[in-house]
Amino acid sequence: MDEGKMDENEWRYHGEGNKSLVVAHAQRCVVLRFLKFPPNRKKTSEEIFQHLQNIVDFGKNVMKEFLGENYVHCGEVVQLPLDFVKQLCLKIQCERPESRCDKDLDTLSGYALCLPNLARLQTYHFAEHRPILCVEIKPKCGFIPFSSDVTHEMKHKVCRYCMHQHLKVATGKWKQISKYCPLDLYSGNKQRMYFALKSLLQEAQNNLKIFKNGELIYGCKDARSPMADWSELAHHLKPFFFPSNGLASGPHCTRAVIRELVRVITRVLLSGSDKGRAGALRSGPGLRGPPVCEASPFSRSLRCQGKNTPERSGLPKGCLLYKTLQVQMLDLLDIEGLYPLYRRVERYLEEFPEERKTLQIDGPYDEAFYQRLLDLSTEDDGTVAFALTKVQQYRVAMTAKDCSIMIALSPCLQDASSDQRPVVPSSRSRFAFSVSVLDLDLKPYESIPHQYKLDGKIVNYYLKTVHAKDATMMSTRFKESEDCTLVLHKV
Ligand SMILES: O=P(O)(O)O[C@@H]1[C@@H](OP(=O)(O)O)[C@H](OP(=O)(O)O)[C@H](O)[C@H](OP(=O)(O)O)[C@H]1OP(=O)(O)O
Ligand SMILES: Nc1ncnc2c1ncn2[C@@H]1O[C@H](COP(=O)(O)OP(=O)(O)OP(=O)(O)O)[C@@H](O)[C@H]1O
């Protein structure tokens with residue numbers, strides 16, 4: 001990229017989250033990722049540069065090691081002309097969802113991250129001419145805490161995502177409770193994964209987006225977004241999954257197309273080679289905690305049919321979901337066990353503030369930082385060193401609980417080789433695909449007290465409202481017989 005000759009008209013708004021905003025180049029396969037801040041939060045250019053450089057270093061030295069070279073794209077920090085950034089900011093402002101406008105794009109430093117556009121296949125730099133479909137999933141936390149520090153029994157039964165749904169609906173963030181449960185997606189059991197993906201398609205919230213040729217065609221900006229329209233989605237997807245087939249339109253066609261999409265995504269999620277040092281945690285946390293969440297409509301439907309809890313079929317070890325789950329499980333103590341250790345580090349820093357640097361609280365996220373994360377002992381010897389290791393592991397685990405997975409699919413021409421990319425078959429076509437992970441920014445040390453408070457709020461709200469109601473009648477989330485039969489199709 002020639003930073004000297006930047007033209008805002010070559011870039012278009014692509015998307016944003018709580019902390020960054022992304023614009024995509026119209027022709028080339030690159031995006032620029034800018035940081036966002038609340039209006040009055042002034043940061044110096046040097047601080048912003050360091051923040052971005054930390055993101056790159058953390059990706060390179062930590063996440064690539066854990067998740068594998070192929071899945072992680074760290075990008076690089078670029079310095080852009082301030083005039084370009086200001087014009088770009090003005091140009092995209094009208095496309096930003098209102099709910100995200102509480103923070104402003106950083107237009108003062110001129111720094112941003114330049115990354116490959118993961119909504120396109122990984123050929124970098126130049127866009128492919130073949131059509132491309134991309135599914136982005138933010139799977140969230142895929143396990144139930146196993147820590148003995150957990151004080152609410154409910155946390156050993158119902159996963160955080162399912163509990164949090166109730167608080168989110170109560171506060172108006174989303175209109176309705178999703179049937180998605182991360183434990184179903186991470187189960188490795190095809191039926192459960194199928195159910196999880198279908199549930200995401202029914203109620204996408206911020207956990208699912210679909211792009212066609214880089215354009216968002218499915219996904220929900222906020223609670224005011226219109227209801228998901230499957231027939232419109234199927235219309236977009238039909239040429240991908242039924243290219244030369246005169247499948248009539250209508251509900252039958254919609255169902256067939258959605259089924260194909262879900263099957264292909266399930267297969268892709270279960271695929272993967274195991275390269276690099278990503279197995280570092282394999283002998284670590286392992287599969288612990290209950291295999292199902294009691295609030296998941298899938299497990300409820302099994303119970304309602306008198307069936308046993310499904311076996312944990314397990315994810316293949318090379319796949320990205322497996323690796324992500326292993327990193328999430330670095331949260332060995334749960335926030336309840338972690339918080340007192342955070343307080344221990346805090347007390348130490350109050351006494352010795354100059355030690356913050358030596359403790360690598362704000363970086364550098366280098367090889368030494370990574371090595372310390374591999375110590376999975378939970379025997380507290382009362383030291384600051386022990387507390388610090390658990391705090392850093394917790395931050396890394398929280399990062400993995402909030403990242404997104406991007407799956408890009410491009411139809412293979414008949415009989416054509418796939419340029420050495422992996423290929424996934426569907427019933428009427430074949431796709432070359434790539435899987436990547438994004439939003440791997442290490443969660444800040446300062447967010448730990450917030451996590452602690454939020455955890456209490458989520459559980460208390462759930463206990464007070466939902467569980468109390470549930471004890472006397474089935475949750476409204478689960479509409480009896482409909483769900484009992486829905487999930488048990490062969491996939
Ligand atoms: O706490 P959670 O689980 O609600 O996760 C937050 C996300 O909310 P979600 O529940 O996924 O809608 C939240 O996503 P949204 O802004 O709601 O789209 C952010 O990803 C937030 O991370 P950060 O503070 O921006 O680094 C996330 O905060 P962290 O907890 O990961 O710090
Ligand atoms: N390299 C990329 N290629 C394509 N799209 C991207 C890329 N990076 C980010 N995006 C898009 O931009 C959106 C926002 O990016 P990201 O999730 O990193 O924001 P964030 O503010 O850090 O998120 P959060 O709200 O989780 O803190 C993503 O959901 C994704 O759709």
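Each ligand, and each atom within it, is numbered from 1 in the order the structure gives. Heavy-atom basis, side chains included; hydrogens, waters and symmetry copies ignored.
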Undergrad: Please confirm whether the backbone N or O of Lys357 pairs with a side-chain atom of Asp362, one donor and one acceptor, at under 3.5 Å?
TA: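 Absent.
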Undergrad: Mind checking the CG-NZ spacing from Leu200 to Lys209? Nearest 0.5 Å is all I need.
TA: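 The NZ atom of Lys209 is 13.0 Å from CG of Leu200, to the nearest 0.5 Å.
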Undergrad: For ligand 2, is Ser20 a contact, meaning one of its heavy atoms is under 4.0 Å away?
TA: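 Contact check Ser20 vs ligand 2: positive.
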Undergrad: So which heavy atom in the protein is nearest atom 7 (C) of ligand 2, and how far is it from that ligand atom?
TA: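 Answer for atom 7 (C) of ligand 2: Leu438 CD2, 3.9 Å.
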Undergrad: Ignoring hydrogens and geometry, is there a side-chain-to-backbone donor-acceptor pair from Ser147 to Leu333 under 3.5 Å?
TA: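 Here the side-chain-to-backbone pair exists.
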Undergrad: Tell me which protein heavy atom sits closest to atom 3 (N) of ligand 2, plus the residue, atom name and distance to 0.1 Å.
TA: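 Result for atom 3 (N) of ligand 2: Leu118 N, 2.8 Å.
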Undergrad: When you measure from atom 29 (O) of ligand 2 to every protein heavy atom, which one gives the shortest distance, and what is it?
TA: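 Here the nearest protein heavy atom works out to Glu136 OE2, 2.6 Å.
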Undergrad: Quick one: does His73 get within less than 4.0 Å of ligand 2, heavy atoms only?
TA: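 So His73 does not count as touching ligand 2.
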Undergrad: Around atom 10 (N) of ligand 2, find the nearest protein heavy atom and jot down its residue, atom name and distance.
TA: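 In this structure, atom 10 (N) of ligand 2 has Val22 CG2, 3.9 Å as its nearest protein heavy atom.
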Undergrad: When only distance counts, is Leu115 in polar contact with ligand 2, meaning an N/O pair under 3.5 Å?
TA: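 N/O-N/O distance below 3.5 Å does not exist for this pair.
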Undergrad: Within the structure, does Trp174 bring an N/O atom to less than 3.5 angstrom of an N/O atom in ligand 1?
TA: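 Looking only at distances, the answer is no, because the N/O contact criterion of under 3.5 Å is not met.
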Undergrad: Between Asp402, Ile335, Asp439, flag the one that comes closest to atom 27 (C) of ligand 1 by a heavy atom.
TA: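 Selected option, by shortest heavy-atom distance: Asp402.
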Undergrad: Which option out of Lys19, Arg100, Lys401, Arg160 puts a heavy atom nearest to atom 3 (O) of ligand 1?
TA: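 Shortest heavy-atom distance from atom 3 (O) of ligand 1: Arg160.
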Undergrad: What's the shortest heavy-atom distance between Gln93 and Cys101, and which atoms?
TA: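 Taking Gln93 first and Cys101 second, the nearest heavy atoms are NE2-SG, 3.7 Å.
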Undergrad: Can you confirm, on distance only, whether ligand 2 has an N/O atom lying under 3.5 Å from any N/O atom belonging to Arg100?
TA: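 Between Arg100 and ligand 2, no N or O pair is found under 3.5 Å apart.
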Undergrad: Kindly assign one of parallel, tilted or perpendicular to the pair Phe58 and Phe369, based on the angle between their ring planes and the thresholds 30° and 60°.
TA: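 Correct class here is perpendicular.
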Undergrad: Roughly how far, to the nearest 0.5 Å, is the CG atom of Leu82 from the NZ atom of Lys86?
TA: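 Here the interatomic distance stands at 5.0 Å.
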Undergrad: Considering only non-hydrogen protein atoms, determine which one is nearest to atom 26 (O) of ligand 2 and report residue, atom name and distance to 0.1 Å.
TA: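 For this ligand atom, the closest protein heavy atom is Asp439 OD2, 2.7 Å.
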Undergrad: Does His73 use its side chain to pair, donor to acceptor, with the backbone of Gly75 at less than 3.5 Å?
TA: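 No; zero donor-acceptor contacts below 3.5 Å.
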Undergrad: Heavy-atom distance to atom 22 (O) of ligand 1: which of Lys103, Lys140, His450, Lys443 wins?
TA: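 It is Lys443 whose heavy atom sits nearest to atom 22 (O) of ligand 1.
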Undergrad: Name the orientation class of the two ring planes belonging to Tyr342 and Tyr339 (parallel below 30°, tilted from 30 to 60°, perpendicular beyond 60°).
TA: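 Parallel, since the angle between the ring planes stays under 30°.
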Undergrad: Nearest to atom 10 (O) of ligand 1 by heavy atom, Lys168, His164, Gln205: which?
TA: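 When every heavy atom of Lys168, His164, Gln205 is considered, Lys168 comes closest to atom 10 (O) of ligand 1.
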Undergrad: Backbone, side chain, both or neither: what part of Leu454 comes under 4.0 angstrom of ligand 1, heavy atoms only?
TA: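 Side chain only; the backbone of Leu454 stays clear of ligand 1.
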Undergrad: Is there a polar contact, in the sense of an N or O pair closer than 3.5 Å, between Arg33 and ligand 2?
TA: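 N/O-N/O distance under 3.5 Å: yes.
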Undergrad: Quick check: does His14 get an N/O under 3.5 Å from an N/O on ligand 2?
TA: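 For ligand 2, there is an N or O atom that lies under 3.5 Å from one belonging to His14.
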Undergrad: Quick one: does ligand 2 sit under 4.0 Å from the side chain of Pro116, the backbone, both or neither, non-hydrogen atoms only?
TA: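 Under 4.0 Å from ligand 2, Pro116 contributes backbone atoms alone.
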Undergrad: If you round to the nearest 0.5 Å, how far is NE2 of His156 from OG of Ser148?
TA: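 The OG atom of Ser148 sits 7.5 Å away from the NE2 atom of His156.
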Undergrad: Taking the six-membered ring where the residue is Trp, are the ring centres of Tyr180 and Tyr161 under 6.0 Å apart?
TA: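 For Tyr180 and Tyr161, the ring centres are under 6.0 Å apart.
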Undergrad: So is Met406 close enough to ligand 2, meaning a heavy atom under 4.0 angstrom away?
TA: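 In this structure, Met406 qualifies as a contact of ligand 2 - some heavy atom is under 4.0 Å.
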